[in-house]
Amino acid sequence: MSFTTAIQYAVCNSLGGLFGQEFTEKDFQVSETKPEFEGDYTVVLFALVKKLKVAPEALAKDLGENLVKNNPGFISGFNTIKAFLNLAITEEALLSFLTENYKDVCIGKKPVSHKKIMVEYSSPNTNKPLHLGHLRNNFLGWSVAEILKANGHEVIKSSIVNDRGIHICKSMIAWQEFANGATPQSTGAKGDHFVGDYYVKFNDEYKKEVSELTEEGTSKDEAEKNAPIMKKTQQMLLDWERGEPAVMELWNKMNGWVYKGFEETYKRIGSDFDQTFYESQTYLLGKDFVQEGLKNGAFYKKEDGSVWINLSGVGLDEKLLLRGDGTSVYITQDIGLVKQKFEKYNLDKSIYVIGDEQIYHMKVLVEICRKLGMPFADQILHLSYGMVELTTGKMKSREGTVVDADDLVDEMIATSKKHTEELGKVKDFSEGDLKDLYEILGMGAMKFYLLRVDPKKRMIFNPDESIDFHGFTGPFVQYTYARIHSILKKVRDDERGEEGSLAAGSWEFEGHKSQLDVQQLLPLERQLLIFLEKYAHVISQAGDELNPSVIANYVFHLAKTFNSFYAEHSVANAENEEKKILRLHIAVMTATVIKSALQLLGIAVPERM
RNA sequence: GGCCCCGUAGCUCAGUGGAUAGAGCAACAGCCUUCUAAGCUGUGGGUCACACGUUCGAAUCGUGUCGGGGUCACCA
């Protein structure tokens with residue numbers, strides 16, 4: 001039981017005893033005591049003052065006395081200010097929490113719940129490389145999946161690859177027309193970038209043709225429709241749908257290049273998937289359900305044969321489900337895929353990590369599922385996140401202001417190399433160790449930067465800020481971890497009277513008695529313990545809100561508090577042996593929680609940096 | 001225009017019913033013969049967009065106004 005829960009329980013009991021009636025934890029609030037006041041937890045009793053018609057001070061005082069009396073091993077004292085009751089936790093309780101958990105790698109995680117949740121994220125198009133927006137999506141999806149696992153759920157990470165459609169044909173046509181048989185191999189380009197360049201080439205060519213036509217007097221609409229390269233592209237899409245061998249071969253070849261490029265990027269940024277869906281395999285799935293909906297009257301057909309749903313009853317518009325020529329649109333395949341997902345995996349919930357510009361689309365999907373009587377309609381959840389903007393405004397591919405994912409990763413790693421070399425603390429590292437360290441720090445900085453903000457909010461990407469390794473950043477937290485490792489090493493070297501290397505991931509400090517005597521805690525020691533105890537709550541809050549920034553804020557605050565403690569009190573040269581052992585435990589526990597929390601964000605920790 | 005989201009320090013963000021609204025960056029002033037200074041300590045910086053309301057209590061809830069964004073495709 002967490003301290004907060006235990007306090008709620010104790011308060012209910014004491015109130016019941018004092019007033020002879022039932023109370024629940026909703027009758028009052030328990031929060032951490034603000035630093036400017038004395039105490040660890042505060043019970044806010046204003047609501048009860050009114051209900052019970054008693055004086056605030058008196059209520060707080062009576063309750064405080066009763067709590068101390070009835071919880072001798074837990075609550076050691078109290079003070080009151082109006083209806084605020086500040087409680088102090090006993091050393092005994094804090095220290096037993098510490099000894100029981102200090103090196104538990106599963107700290108804060110919940111037992112298995114048997115809930116099955118799919119998290120669909122990333123979902124790229126195969127006509128261009130990943131950019132900054134995809135990075136937010138990938139980090140967010142991956143982290144949310146891990147956070148849900150930590151909350152005891154079974155999680156399936158999935159991705160739907162948008163590998164077909166007119167936009168894919170555009171890069172194919174451009175390659176056919178302009179590449180002269182060039183390949184990623186022949187040019188040394190990364191596959192996804194190589195294909196992306198032809199997508200850009202298509203648009204340039206298209207624009208040129210349209211302006212030529214309009215200069216000849218064609219209307220803009222006509223020109224856009226009849227530009228020769230567009231005609232060819234549309235023809236190619238038809239050929240693709242018919243399975244024309246030459247087109248299929250080209251399609252397979254070019255997508256193969258892209259997948260090879262994606263694979264490289266995913267590996268670097270740590271994205272992985274348990275299941276990958278391909279639109280080319282799912283785009284026909286929804287058609288049958290549309291027919292079904294037509295039959296039972298959920299949908300209707302217009303004169304041209306197109307099929308629609310009217311959602312004006314729930315505040316949405318009418319929406320096309322199937323084109324007049326019988327081909328499917330985007331949402332058609334979504335209907336098919338969602339059903340397949342729930343049936344194949346027997347899901348309790350399906351979370352879609354998609355940008356907030358698709359809120360409307362996802363609402364429509366849920367409504368369609370409802371209208372079709374699909375039982376899982378309410379288990380679809382759109383985790384929408386805000387767009388990443390630049391300080392100069394939105395990213396626009398046409399204006400070349402898109403921040404490429406691979407470039408950004410390279411830059412972050414180069415920056416971490418630069419900082420590390422300037423500081424010169426790891427000159428004894430091997431080439432391989434250095435490379436790993438740069439990777440850990442660069443990726444840590446980038447992931448932390450993109451995950452520290454509430455996903456629902458739009459965020460501004462500031463290039464200077466993102467490569468900062470000081471303050472509210474990943475490397476700051478990683479640094480705190482490395483410092484703790486250094487403390488452990490120092491203690492061990494002192495004991496042995498020689499330089500010894502601490503085994504990786506080992507927190508053992510044998511040679512000391514492992515038992516902690518009950519002792520007076522200094523304010524910072526106490527503060528750290530109270531804060532560490534909160535970690536379990538933070539994991540469940542992040543899980544409830546599907547919000548990794550909760551973890552990022554917490555772990556930063558923890559590192560910050562530890563660094564203050566570190567500056568104030570020595571571990572290796574503590575006042576006495578008792579203090580030394582206590583602080584070793586606290587240091588190890590801080591490291592354990594930092595490692596666990598950063599892992600939930602997809603960030604690794606270095607032992608030295 | 002309809003619907004949805006946002007507005008907190010110079011900048012980027014926490015805080016979603018409780019005490020005198022907090023961090024980081026930027027600025028300024030200090031701290032390394034002692035466990036890593038990628039750190040610590042301090043100073044300055046606020047009409048929580050505005051107005052009214054609900055409440056013992058509002059940055060937080062409600063209504064309205066202003067400002068910014070998204071969306072309402074036989075695109076995906």
Side-chain angles (χ1 to χ4, degrees), chain A residues 29 31 33-34 36-37 42 44-47 49-50 56 81-84 86 123 125 127 162 164-168 279 302 304 306-308 315-325 327-331 333-334 355-361 363-364 384 386-387 389 391 394 416 419-420 422-423 425-426 441 445 449 452-454 456-462 464-466 468-480 482-491 493-494 549-550 552-553 556-557 559-560 562-574 583 587 608-609:
Chain A
Q29 292 104 46
S31 57
T33 303
K34 295 203 163 194
E36 58 265 37
F37 300 99
T42 300
V44 185
L45 297 159
F46 288 96
V49 167
K50 207 176 176 192
I81 300 166
K82 291 183 279 186
F84 295 106
N86 299 321
S123 303
N125 289 349
N127 63 343
N162 213 282
R164 65 159 281 279
I166 193 83
H167 54 299
I168 307 298
E279 197 188 306
K302 287 195 175 173
D304 62 358
S306 57
V307 180
W308 296 73
L316 308 171
D317 297 319
E318 23 164 53
K319 193 89 185 170
L320 176 87
L321 300 180
L322 213 54
R323 294 190 184 102
D325 61 8
T327 58
S328 46
V329 289
Y330 184 44
I331 202 145
Q333 70 109 13
D334 268 337
D356 61 8
E357 72 275 10
Q358 292 200 44
I359 288 176
Y360 182 85
H361 173 84
K363 271 188 188 163
V364 170
S384 68
M387 203 177 289
E389 287 175 27
T391 41
K394 280 183 204 158
S416 73
H419 285 316
T420 305
E422 275 169 13
L423 290 167
K425 293 181 188 176
V426 289
L441 295 178
Y449 181 80
R452 68 185 203 187
V453 183
D454 185 339
K456 285 178 194 66
K457 293 196 176 175
R458 270 202 329 268
M459 69 174 289
I460 302 205
F461 180 84
N462 181 328
D464 297 333
E465 225 174 70
S466 71
D468 194 355
F469 284 19
H470 304 268
F472 187 17
T473 66
F476 171 91
V477 182
Q478 290 169 320
Y479 175 69
T480 310
R483 262 186 156 178
I484 294 174
H485 208 268
S486 173
I487 293 172
L488 270 284
K489 184 178 183 314
K490 157 96 173 142
V491 168
D493 291 349
D494 287 354
S549 80
V550 171
N553 278 286
F556 169 68
H557 193 147
K560 184 89 189 148
F562 185 86
N563 281 326
S564 299
F565 165 81
Y566 178 93
E568 198 79 20
H569 308 293
S570 176
V571 176
N573 298 310
R583 288 178 190 163
R608 285 179 58 199
M609 63 186 274

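Per chain, numbering begins at 1; letters A, B, ... match sequence-line order. Quick caveat: nothing in here was measured; it's all calculated off a predicted structure. Side chains are part of it too, since the values below use all heavy atoms of this structure and drop only hydrogens, waters and symmetry mates.
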[N] to [M] separation - [atom1] atoms, rounded to the nearest Å:
| N | M | atom1 | answer |
| --- | --- | --- | --- |
| B/C56 | B/U43 | C1' | 37 Å |
| B/U16 | B/G7 | C1' | 15 Å |
| B/G45 | B/C11 | C1' | 13 Å |
| B/G18 | B/U65 | P | 28 Å |
| B/A49 | B/U60 | P | 8 Å |
| B/G68 | B/U8 | P | 14 Å |
| B/U63 | B/U55 | C1' | 16 Å |
| B/C66 | B/G39 | C1' | 45 Å |

Distance, rounded to the nearest Å, where [X] contributes [atom1] and [N] contributes [atom2]:
| X | N | atom1 | atom2 | answer |
| --- | --- | --- | --- | --- |
| A/K457 | B/G69 | NZ | C1' | 14 Å |
| A/K319 | B/C3 | NZ | P | 18 Å |
| A/F565 | B/U41 | CZ | C1' | 17 Å |
| A/D334 | B/A76 | CG | P | 11 Å |
| A/L321 | B/C75 | CG | P | 14 Å |
| A/I81 | B/G57 | CD1 | P | 20 Å |
| A/I460 | B/G68 | CD1 | C1' | 11 Å |
| A/I166 | B/A76 | CD1 | C1' | 12 Å |

For the side chain of [X], starting at C-beta, report the closest nucleotide among [options].
| X | options | answer |
| --- | --- | --- |
| A/Y330 | B/A37, B/A76, B/G18 | B/A76 |
| A/V44 | B/G7, B/G39, B/G18 | B/G18 |
| A/Y479 | B/G39, B/A76, B/C35 | B/G39 |
| A/D468 | B/C72, B/C25, B/A76 | B/C25 |
| A/R483 | B/U12, B/A19, B/G39 | B/G39 |
| A/E465 | B/U12, B/A19, B/C56 | B/U12 |
| A/N573 | B/U55, B/U34, B/A76 | B/U34 |
| A/F46 | B/C13, B/C56, B/A76 | B/C56 |
| A/R458 | B/G69, B/U71, B/C35 | B/G69 |
| A/N86 | B/G39, B/G18, B/A19 | B/A19 |

B/C32: syn or anti, per glycosidic angle within 90° of 0 = syn
Select base, sugar-phosphate, or nothing to describe what [X] touches, counting heavy atoms under 4.0 Å on all strands.
| X | answer |
| --- | --- |
| A/K456 | nothing |
| A/D454 | sugar-phosphate |
| A/F469 | base |
| A/N162 | sugar-phosphate |
| A/E279 | sugar-phosphate |
| A/M459 | sugar-phosphate |
| A/A572 | base |
| A/K82 | nothing |
| A/V571 | base |
| A/Y360 | sugar-phosphate |
| A/T391 | nothing |
| A/E568 | nothing |

Answer with yes or no whether the side chains of A/T33 and A/T42 bring together a donor and an acceptor at under 3.5 Å.
-> yes
Relative to the 5' end of RNA chain B, which residue comes earlier, A/I487 or A/F556, by the nucleotide with the nearest heavy atom?
-> A/F556
Specify the residue among A/L441 and A/S564 whose closest nucleotide of RNA chain B lies further upstream toward the 5′ end.
-> A/L441
Are the side chain of A/T420 and the backbone of A/S416 linked by a donor-acceptor contact shorter than 3.5 Å?
-> yes
Answer yes or no: is there a donor N or O on one side and an acceptor on the other, between the side chain of A/R323 and the main chain of A/S328, under 3.5 Å?
-> yes
Is the A/F46 ring parallel, tilted or perpendicular to the A/F84 ring (thresholds 30°, 60°)?
-> perpendicular
A/Y449 and A/F461 aromatic ring geometry - parallel, tilted or perpendicular at 30°/60° bounds = perpendicular
Is there a donor and acceptor pair, one atom on the side chain of A/D464 and one on the base of B/A26, closer than 3.5 Å?
-> no
Any donor-acceptor N/O pair under 3.5 Å between B/A19 base and A/T42 side chain = yes
Would you say the ring centroid of A/F476 lies under 6.0 angstrom from that of A/Y479?
-> no
Answer yes or no on whether A/R483 is positioned over the face of A/Y566, meaning its NZ or CZ is under 6.0 Å from the six-membered ring centre and within 45° of the axis.
-> yes
Hey, is the side chain of A/H470 poking within less than 4.0 Å of OP1 or OP2 on B/G39, counting only N and O atoms?
-> yes
Using the aromatic ring of A/F37 (for Trp, its six-membered ring), decide whether it stacks on the base of B/A19 within the limits of 5.5 Å and 30°.
-> yes
Do we see A/F84 stacking on the base of B/A19, given a limit of 5.5 Å between centres and 30° between planes?
-> yes
Both distances under 3.5 Å, Watson-Crick or G-U wobble: on that basis, could you give the dot-bracket string for RNA chain B, with [ ] for crossing pairs and | for other-strand partners?
-> ((((((((.[[[[.)..(...]]]].(((((.......))))).....[[[[[..)....]]]]])))))))....
